[in-house]
Protein chains: 2
Amino acid sequence: MSEATLTSQHAAVEPKTLVEGAYQRLRRDIIEGVHPPGEKLRVEHLKDQYEVGAGTLREALLLLVTDALVVTQGQRGFRVAPISLEDFEDITRTRILLETQALRQSITQGGEDWEAGVVAAFHRLSRAEQKLGDHDTYTQAAAEDWEKRNRSFHDALISASPSRWIRHFQNILYQQSERYRRISLFRKPVPRDVHAEHQALFDAALARDADRATSILTDHILRTLDSVRLMPPDFFAAQLKR
Amino acid sequence: MSEATLTSQHAAVEPKTLVEGAYQRLRRDIIEGVHPPGEKLRVEHLKDQYEVGAGTLREALLLLVTDALVVTQGQRGFRVAPISLEDFEDITRTRILLETQALRQSITQGGEDWEAGVVAAFHRLSRAEQKLGDHDTYTQAAAEDWEKRNRSFHDALISASPSRWIRHFQNILYQQSERYRRISLFRKPVPRDVHAEHQALFDAALARDADRATSILTDHILRTLDSVRLMPPDFFAAQLKR
DNA sequence: TCAATCTTTTTTCTCGAGATTTTTTCGTCG
DNA sequence: CGACGAAAAAATCTCGAGAAAAAAGATTGA
């Protein structure tokens, strides 16, 4: 199967080439804020940092344009995609549009394998949330783990959607919003009672109640908007321009 | 303004670099079917054809991955994205989802400048359709012209949508469906009475009747599906694999 | 002091050649 | 005759250096 058709995205795919390796590491660093929004990405600098040739790094940067994590203009090199509150609102709303549609399709058309995947992902996520609840065992690694499992859960929910394109776009948007979350919340323990939301979402999905599930999902996604809205007003203004 | 943020897409932007030039010509050739779906894109061959270096051509191909017109897998080079009936159905449905949403927003929030743009684009499109109606003046150039103006009209309709992301994704999908149309219809004069549809769409939009407009738009987009469905059954099977 | 112009420095873009990997070819064996 | 495997060919991937462009800095004149 030509599995590489869409969704070159995420996944722990072993990099078969130096370009892919540099691409994955760069993407992680951008999402985690190592390279903050607006930062100039100078090839001559980064090629040493990532231990590849100049041309190779250029190609990795070009691949990141696909994810809209890097922008390029004419003869002026590369730059980390800027962020703004309007952009995040746009991302959130568009994500809701796509993800609710995909969820609806999954609930309608998903089979036993879909159910099994959802159950498994929810279970793993619950365990991670349990860990985060115990303040004794809260660690950086546990938070990273939660991020991964949270995504897996959302992916599992919509995995039965027959639309590759919706899933493709959803991947891009999820990645984008993850960057906003990482940068804004910045390693703050997950605040609101997110487990209850996940539980409700899980119940509605398995009960095949599409209307209820999409409604919960919408609220769920919208709530992440509030966290970002609470950032200091000048937060988005502080973007490196040179 | 950082206009290059999203939508590096289309537009008659003067290529400021060899990579961009090769990218634009390659994209045109893929959409027009010069490089058919599934074709292997060998760098050593193409670099002579497009008169650039190997590295430069590689970068152009990487940019086309953004548009999902080219796929790349690991250590096995580049390939024109394959096509299939399911893919086109997916493209069509996803396009409807995004484009109706954008149209609704435009109708709700569009101002005078939006109206003016729609009126102008519709006028230009009508003239082109008039020309195509006269079978005397039917030419290849006129058909090309119609393609451009048709896209401009659709763009104008949704131009007042505040969502850059929806417009970004819509651009990609429109480009995709254009490739399907070009390959399948293959320079056949636009069959059905498309002008009447455009007229109805135009009227509903300017009357600010969002429900009617989106309904017409949905039918309008769906109808292009029929043309492709009428292709011979083995049409999609004939994809070059080497 | 400020603005404009010229020079220097930095950065991007481009190319060709070498190293790896994949694909094809071809001979050998069961 | 088909299958297996090694050698050859082709293609991809990678790198460093040179050309072109942009940015930074210095100089001059009002």
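No experiment lies behind these values; they were computed from the predicted model shown. Throughout, protein chains are lettered first and strands after them, A, B, ... in sequence-line order, and every chain is numbered starting at 1.
- As judged by a 4.0 angstrom heavy-atom cut-off over every strand, B:Leu46 is placed among residues making no nucleic acid contact.
- Remark: side-chain polar atoms of B:Ser106 are paired, donor with acceptor, to backbone N or O of B:Leu157 under 3.5 angstrom.
- Ring geometry for A:His168 against A:Trp165 counts as perpendicular: the plane angle is over 60°, on a 0 to 90° scale with 30° as the lower cut.
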Please enumerate all protein N or O atoms sitting under 3.5 Å from an N or O of nucleotides 14-17 of chain D, with distances to 0.1 Å.
from: D:dT14; atom 1: OP1; to: A:Thr17; atom 2: OG1; distance (Å): 2.8
from: D:dT14; atom 1: OP1; to: A:Leu18; atom 2: N; distance (Å): 2.3
from: D:dT14; atom 1: OP2; to: A:Thr17; atom 2: OG1; distance (Å): 2.7
from: D:dT14; atom 1: OP2; to: A:Val19; atom 2: N; distance (Å): 3.4
from: D:dC15; atom 1: OP2; to: A:Gly53; atom 2: N; distance (Å): 2.7
from: D:dC15; atom 1: OP2; to: A:Thr56; atom 2: OG1; distance (Å): 2.8

Check nucleotides 7-11 of chain C for protein N or O atoms closer than 3.5 Å to its own N or O atoms and list the pairs.
from: C:dT11; atom 1: OP1; to: A:Arg42; atom 2: NE; distance (Å): 3.4

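- Residue pairs meeting the salt bridge (Lys or Arg N to Asp or Glu O under 4.0 Å) criterion with at least one partner in residues 51-60 of chain A, sequence neighbours excluded, are A:Arg58-B:Glu59, A:Glu59-B:Arg58.
- A donor-acceptor pair is defined here as one N or O able to donate and one able to accept, closer than 3.5 Å; no such pair exists between the side chain of A:Glu39 and the backbone of A:His35.
- Here side chain to side chain donor-acceptor pair (under 3.5 Å) pairs that include residues 113-122 of chain A, with residues two or more places apart or in two chains, are A:Glu115-A:Arg208.
- What separates CD of B:Gln73 from P of D:dA11 is a distance of 17 Å, to the nearest Å.
- Across the protein-nucleic acid pair, B:Arg79 atom CZ and C:dT22 atom C1' stand 13 Å apart, rounded to whole Å.
- Between the side chains of A:Asp155 and A:Tyr174, no donor-acceptor pair of N or O atoms lies under 3.5 Å.
- Applying the side-chain hydrogen bond (donor to acceptor under 3.5 Å, both in side chains) rule to A:Arg93 yields no partners; only residues at least two apart in sequence or on another chain are considered.
- Residue A:Leu61 is classed as having no contact, given no heavy-atom separation below 4.0 Å to the nucleic acid.
- A:Arg167 places a side-chain N or O within 3.5 Å of a backbone atom of A:Ser161 that can act as its donor or acceptor partner.
- Overall, the helix from C:dT1-D:dA30 to C:dG30-D:dC1 carries an axis bend of 10° between its ends, with five pairs at each end and the value rounded to 10°.
- Using a 3.5 Å distance cut-off with no hydrogens or angles, the side chains of B:Asn171 and B:Arg151 do pair a donor with an acceptor.
- Using a 4.5 Å heavy-atom threshold, the side chains of A:Val80 and A:Lys40 count as separate.
- If you take CG of A:Leu57 and C1' of D:dC13, they are 15 Å apart, rounded to a whole angstrom.
- DNA chain D is contacted by both A:Arg76 and B:Leu41; B:Leu41 maps to the nucleotide lying nearer its 5′ end (nearest heavy atom per residue).
- Using a 4.5 Å heavy-atom cutoff, the side chains of B:Val118 and B:Phe153 are in contact.
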